[in-house]
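See structure below.
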Amino acid sequence: MPSLEEARNVARFLHALGGGASVRRKAAARELSRGDPLDANELVGHLISLARQGWEPATCVLSDFMAALAQEAEHIPHVGALRRLAHVQSLDTVADLFAQGPAKREMNPDAAARADANAFSQSLGHLKQQARLTRDPDTLSRLATVSNPSVLRNVLINPRLTEELVVRVAARRPARPEPLLEIWRSPRWSVRHAVRRALVFNPYLPPEVGAKIVPLLNTGDLRELISDNAVHASLREQASRLLAEGPESLRPASPRATDVPGTRIGHHGPD
């Protein structure tokens with residue numbers, strides 16, 4: 001089983017790793033694949049505890065491990081056993097990461113498709129190209145409301161997109177889960193604290209995704225989450241357990257200069 005010091009060494013390694021969020025996510029997946037599933041659970045449990053105690057390398061790299069569990073599952077051979085074994089190991093904060101079931105609220109897919117058809121007459125290919133290339137902020141704002149995830153995927157890489165608009169889309173209700181998942185998968189936007197908050201407080205977000213965002217929130221967010229009855233019950237319970245893990249700094253993590261110059265910040269800022 002990895003010791004607390006070994007978990008610290010892993011956190012230091014990933015914290016110093018350059019190349020951006022995708023590189024760190026894949027590195028986190030490799031770390032989770034090195035040993036057996038019991039080791040992987042222990043490692044994640046240590047990192048959650050260290051992050052809750054405010055240790056900066058852990059607060060910065062925890063998001064990479066959460067993204068690895070969500071997006072690199074096919075490269076983690078034993079990922080299917082982690083939840084069951086976390087319960088056996090009494091690692092409740094790790095077991096919480098594998099929440100299942102429908103979102104607290106759901107939007108009918110036919111209603112979403114009709115709304116898109118009423119708002120836009122262009123072909124899907126045209127909408128995708130426009131979403132990626134438009135320079136007009138009003139057009140970009142309209143395209144960001146499309147429920148088709150392929151359109152939003154192109155909106156998210158438009159260089160003129162602002163955090164304010166992404167937060168609005170992430171908080172939009174009612175919403176289909178697919179666009180929300182695109183935001184969570186975006187290496188550019190999923191690292192922003194305001195975006196994470198908007199996603200996790202949205203009752204239309206599936207709990208399996210929300211459960212991987214909750215450990216990345218600060219103490220104030222967790223307290224707010226617990227008292228929000230619109231949020232899925234499993235996420236409120238998860239937040240309560242995390243609060244018991246110890247204090248966390250309420251300030252954003254300090255910049256890491258190994259990413260794009262002037263832009264990389266810990267788990268509260270841009271990547």
Side-chain angles (χ1 to χ4, degrees), residues 66-67 69-74 79-80 83 96-158 160-190 192 194-214 225 228-239:
M66 298 300 99
L69 288 172
Q71 301 176 43
E72 302 290 336
E74 68 274 18
V79 69
R83 182 174 188 254
D96 285 340
L97 301 175
F98 303 98
Q100 298 174 332
K104 180 74 177 288
R105 302 185 67 179
E106 295 182 289
M107 182 183 186
N108 184 284
D110 292 334
R114 285 195 299 271
D116 286 352
N118 290 334
F120 301 95
S121 59
Q122 303 97 321
S123 68
L124 178 60
H126 179 85
L127 292 176
K128 289 162 62 176
Q129 183 180 47
Q130 193 174 28
R132 185 173 64 255
L133 300 176
T134 184
R135 297 170 177 266
D136 179 47
D138 293 332
T139 299
L140 191 60
S141 294
R142 289 183 63 244
L143 290 166
T145 67
V146 177
S147 294
N148 187 298
S150 65
V151 176
L152 186 62
R153 194 178 307 134
N154 282 277
V155 168
L156 292 171
I157 61 175
N158 189 305
R160 290 164 183 79
L161 184 62
T162 65
E163 180 176 312
E164 180 184 5
L165 180 54
V166 178
V167 169
R168 292 209 313 267
V169 176
R172 188 169 178 240
R173 308 174 191 182
R176 289 291 303 160
E178 295 86 1
L180 302 180
L181 295 180
E182 288 298 329
I183 297 173
W184 163 240
R185 295 183 185 118
S186 167
R188 178 183 176 191
W189 299 109
S190 62
R192 311 287 181 108
V195 173
R196 289 173 177 169
R197 261 189 60 94
L199 284 172
V200 81
F201 278 91
N202 192 328
Y204 290 86
L205 182 74
E208 65 184 272
V209 176
K212 295 173 181 64
I213 300 176
V214 172
L225 196 66
D228 190 340
N229 291 328
V231 175
H232 199 282
S234 66
L235 302 186
R236 299 201 307 271
E237 293 166 5
Q238 181 183 13

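This one's a predicted model, so the numbers in the text were calculated from it and none came from an experiment.
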For residues Asp136 and Thr134, is any side-chain donor paired with an opposing acceptor at under 3.5 Å?
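No pair is found: no donor N or O on one side chain lies under 3.5 Å from an acceptor on the other.
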Identify the heavy atoms of [X] and [Y] that sit nearest to each other, and give their distance.
| X | Y | value |
| --- | --- | --- |
| Ala99 | Ala211 | CB-CB, 3.9 Å |
| Arg176 | Pro109 | NH1-CD, 3.7 Å |
| Arg132 | Asn154 | NH1-OD1, 2.8 Å |
| Ile183 | Ser190 | O-CB, 3.6 Å |
| Ala112 | Met107 | CA-CE, 3.7 Å |

Taking only residues two or more places apart in sequence or in another chain, which ones pass salt bridge (Lys or Arg N to Asp or Glu O under 4.0 Å) with Glu106?
none
Of all residues at least two apart in sequence or in a different chain, which pass the salt bridge (Lys or Arg N to Asp or Glu O under 4.0 Å) check with Arg185?
Glu182
Euclidean distance, [Y] [atom2] relative to [X] [atom1], rounded to 0.5 Å:
| X | Y | atom1 | atom2 | answer |
| --- | --- | --- | --- | --- |
| Leu69 | Lys212 | CG | NZ | 6.0 Å |
| Arg153 | Lys128 | CZ | NZ | 7.5 Å |
| Leu205 | Ile213 | CG | CD1 | 5.5 Å |
| Asp96 | Glu237 | CG | CD | 8.0 Å |
| Arg160 | Leu165 | CZ | CG | 14.0 Å |
| Gln129 | Leu127 | CD | CG | 10.5 Å |

[Y] and [X], any side-chain heavy atoms less than 4.5 Å apart:
| X | Y | value |
| --- | --- | --- |
| Val146 | Val155 | no |
| Val166 | Arg192 | no |
| Arg168 | Ser141 | yes |

Give the C-alpha distance, both sets of side-chain angles, the deciding distance and a yes or no for side-chain contact (heavy atoms from CB on, under 4.5 Å) between Val195 and Trp184.
CA-CA 9 Å; Val195 173; Trp184 163 240; over 6 Å; no
Under 3.5 Å, side chain of [X] to main-chain N/O of [Y], donor-acceptor pair present?
| X | Y | value |
| --- | --- | --- |
| Asn158 | Ala131 | yes |
| Lys104 | Pro207 | no |
| Asn202 | Arg172 | yes |
| Arg105 | Pro174 | no |

From CA spacing to verdict: side-chain contact (heavy atoms from CB on, under 4.5 Å), Val169, Leu180:
CA-CA 8 Å; Val169 176; Leu180 302 180; 5.6 Å; no
Donor-acceptor contacts, no H, no angles, side chain residues 113-124, under 3.5 Å, sequence neighbours left out:
unit_1 : atom_1 : unit_2 : atom_2 : d
Asp116 : OD1    : Ser147 : N      : 3.2
Asp116 : OD2    : Ser147 : N      : 3.1
Asn118 : ND2    : Arg114 : O      : 3.2
Ser123 : OG     : His126 : N      : 3.2

Using the side-chain contact (heavy atoms from CB on, under 4.5 Å) rule, take Leu97 and Gln238 through it: C-alpha gap first, then chi angles, then the decisive distance, then the call.
CA-CA 8 Å; Leu97 301 175; Gln238 181 183 13; 3.8 Å; yes
Give a yes or no on this: more than 12 heavy atoms of other residues, nucleotides or ligands lie within 6.0 Å of atom CZ of Arg173.
yes
Would you say CD of Glu164 has more than 12 non-hydrogen atoms from neighbouring residues, nucleotides or ligands within 6.0 angstrom?
no
Could you check Val231 against Val200 for side-chain contact (heavy atoms from CB on, under 4.5 Å), going step by step and ending with a plain yes or no?
CA-CA 8 Å; Val231 175; Val200 81; 5.9 Å; no
